[in-house]
Amino acid sequence: MLQFYNSLTRKKEPFIPIEEGKVKLYTCGPTVYDTAHIGNFRTFLFEDFLKRVLIARGYKVFHVMNITDVDDKTIKKTVEEGKSLSEITSHYTDLFNHDLKTLNILPADHYPAATNHVDDMIKMIEVLIEKCHAYKTDDGSVFFKIESFKDYGVLTHINMAEIQQSDRVDSDEYGLDNPQDFALWKAYKEEDGDVAWDSPWGKGRPGWHIECSAMSMAFLGDHFDIHCGGVDNKFPHHENEIAQSVCASDTPFVNTWLHSEFLMVDGGKMSKSLGNFYCISDLIEKGFAPGEIRYIMLSGHYRTKINFTLDKQHEAKASIQRIQSLKDRLQDLKENSSDEYPDEKSNYDTALENDLDAPNSLALFFDWVRATNSALDKDALSRDDVAKGLNFISYFNDVFGVLPDSGRIPQDVMDLVSKRETARQNKDWAKSDKLRDLIGSKGWVVKDTPDGPKLSSK
RNA sequence: GGCGUCGUACCCAAGUGGUCUAAGGGAACGGUUUGCAAAACCGCUAUUCGCCGGUUCGAAUCCGGCCGACGCCUCCA
């Protein structure tokens, strides 16, 4: 039984999709004003993991991830660089897509861009005004009236009365009924340049939260199964989404809210001034394999903070290689295929079904790895066990996606290996060792096994 | 100030009332194997779970206090 910790109820609860066998999933995507960093990707990788587990457990997943391509930050960038909004956003959207591919993240069914759904947002705002959940201010902006939604704060348990007294709220917005009311539509300002849409309230642009409500509704309907994001989006973003959506449609909005914790770097916040600010391309340049990045991000539970450090690459590499080398051993012995799995799969599944308990499922998987290696050493594995084992590794990798694609071995490396074999036959160990170093310098490791030399990439 | 998370070995990280003298991975060391390696396997590395009290027959797990780290509180995943 699949169970998730629902941020809304703050409890672990059985997952029951609205429509049997299908899951409608919405995940908050990037704001395309800059390159997404590894903190962003922790969340996207968590969502990928969730989706892969759902698929592995037999659900058909319909996944929508938005692209925020108009907001304060994108507009600011436009002004800074003297480019058009679409030039900026298409550039960073391309980079984002590239990183998704690099990290082997399963593509969503749709990546709607906010600017393509302004009409949907306007319609939704009109409904909210009609129902007296929103009001227009003198400058032509529209705000959501928090008071009008009695459940405001269900997600974050925020007490609006107290916040009002907080020093941190600077009321630079005039004409609001309540300083906490949030913008659905922002009236055009000089600094917006040519970024504007016509609306019943005049020229302007949508507020941030409304896009997710409008687009999730457009693709997934009023009421759907799972909505994910990083913890920092709980307030105000998701709280506001709930308010808008519920008030507009008069139906429940999302059944299960899942939030992933923050990524820390070197024990603290990632920041450019500390020099610990990394994007995916930075890590690839530093020699990280995509699978290693995935392993680091996925090996901690999604609801705990993980601390990213460069030296974790070593750990990830070693763990992945351990799995890969077992796979190679089994592959060499494979004689038949099978649809079955080792018995250990059942506990592994149970761990994943328990709120995506990746650390535990990894531990169980490595238990099996050791047991299987041990059996192989004693030559005690049947043909069926070999086939089942390969299935298990492939099933494991369907969810974690950390094993490297089996790369082709370059011809020059193959030649060096056969030269070395000749040297070894002649017991010319000095030459043999030299050749091994040379092969190593080309990025490959030779292992001498009773069945001859085996190559693996470093 | 409000809300919330966390503190387990050299490092990462499970476990949340008894089966815990605490999984799993990395690292170090010793051994088997190997021409030497690599990989693999075996052994070894916390009688103890930030500290102090309390509840209980029994706590890493519950309660209280303290110390420490981190996050959110209007646009940051």
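Labels below follow one simple rule: chain letters A, B, ... track the order of the sequence lines, proteins then strands, and each chain is numbered from 1.
Pair check for B:U33 finds none; no Watson-Crick or G-U wobble contact set falls under 3.5 Å. Using N1 to N3 plus N6-O4 or O6-N4 for Watson-Crick, or N1-O2 and O6-N3 for G-U wobble, each under 3.5 Å, B:G17 pairs with nothing. Under the Watson-Crick and G-U wobble criteria, each requiring two contacts below 3.5 Å, nucleotide B:U56 is left unpaired. Nucleotide B:C10 is matched to B:G26 when pairs are restricted to Watson-Crick or G-U wobble geometry with both distances under 3.5 angstrom. A 3.5 Å limit on both hydrogen-bonding distances identifies B:G65 as the Watson-Crick or G-U partner of B:C51. Under the Watson-Crick and G-U wobble criteria, each requiring two contacts below 3.5 Å, nucleotide B:C70 is paired to B:G4.
Taking the side-chain hydrogen bond (donor to acceptor under 3.5 Å, both in side chains) definition, one finds that A:Lys327 meets it with nothing, sequence neighbours left out.
Residue A:Asp357 is in sugar-phosphate contact alone, with no base atom involved, counting any heavy-atom pair closer than 4.0 Å across all strands shown.
At a threshold of 4.0 Å, the pair A:Lys77-A:Glu80 does not count as salt-bridged, since none of the basic side-chain nitrogens sits closer than that to a carboxylate oxygen. Ionic pairing of A:Asp349 and A:Lys345 is present here: one or more N-O contacts between side-chain nitrogen and carboxylate oxygen are shorter than 4.0 angstrom.
Distances from the side chain of A:Ala363 to the nucleotides B:C76, B:A37, B:G24 place B:G24 closest. Distances from the side chain of A:Phe235 to the nucleotides B:A77, B:C73, B:A14 place B:C73 closest.
Counting distance only, with no hydrogens placed and no angle test, the side-chain atoms of A:Arg370 and the base atoms of B:A40 include no donor-acceptor pair under 3.5 Å.
The aromatic ring of A:Phe366 does not sit over the base of B:G24, since the test of centres under 5.5 Å and planes under 30° is not met.
A side chain to side chain donor-acceptor pair (under 3.5 Å) with A:Arg370 is found for one member of A:Thr372, A:Asn373, A:Asp367 and no other, namely A:Asp367.
As rounded to whole Å, 10 Å separates atom P of B:U5 from atom CD of A:Glu261.
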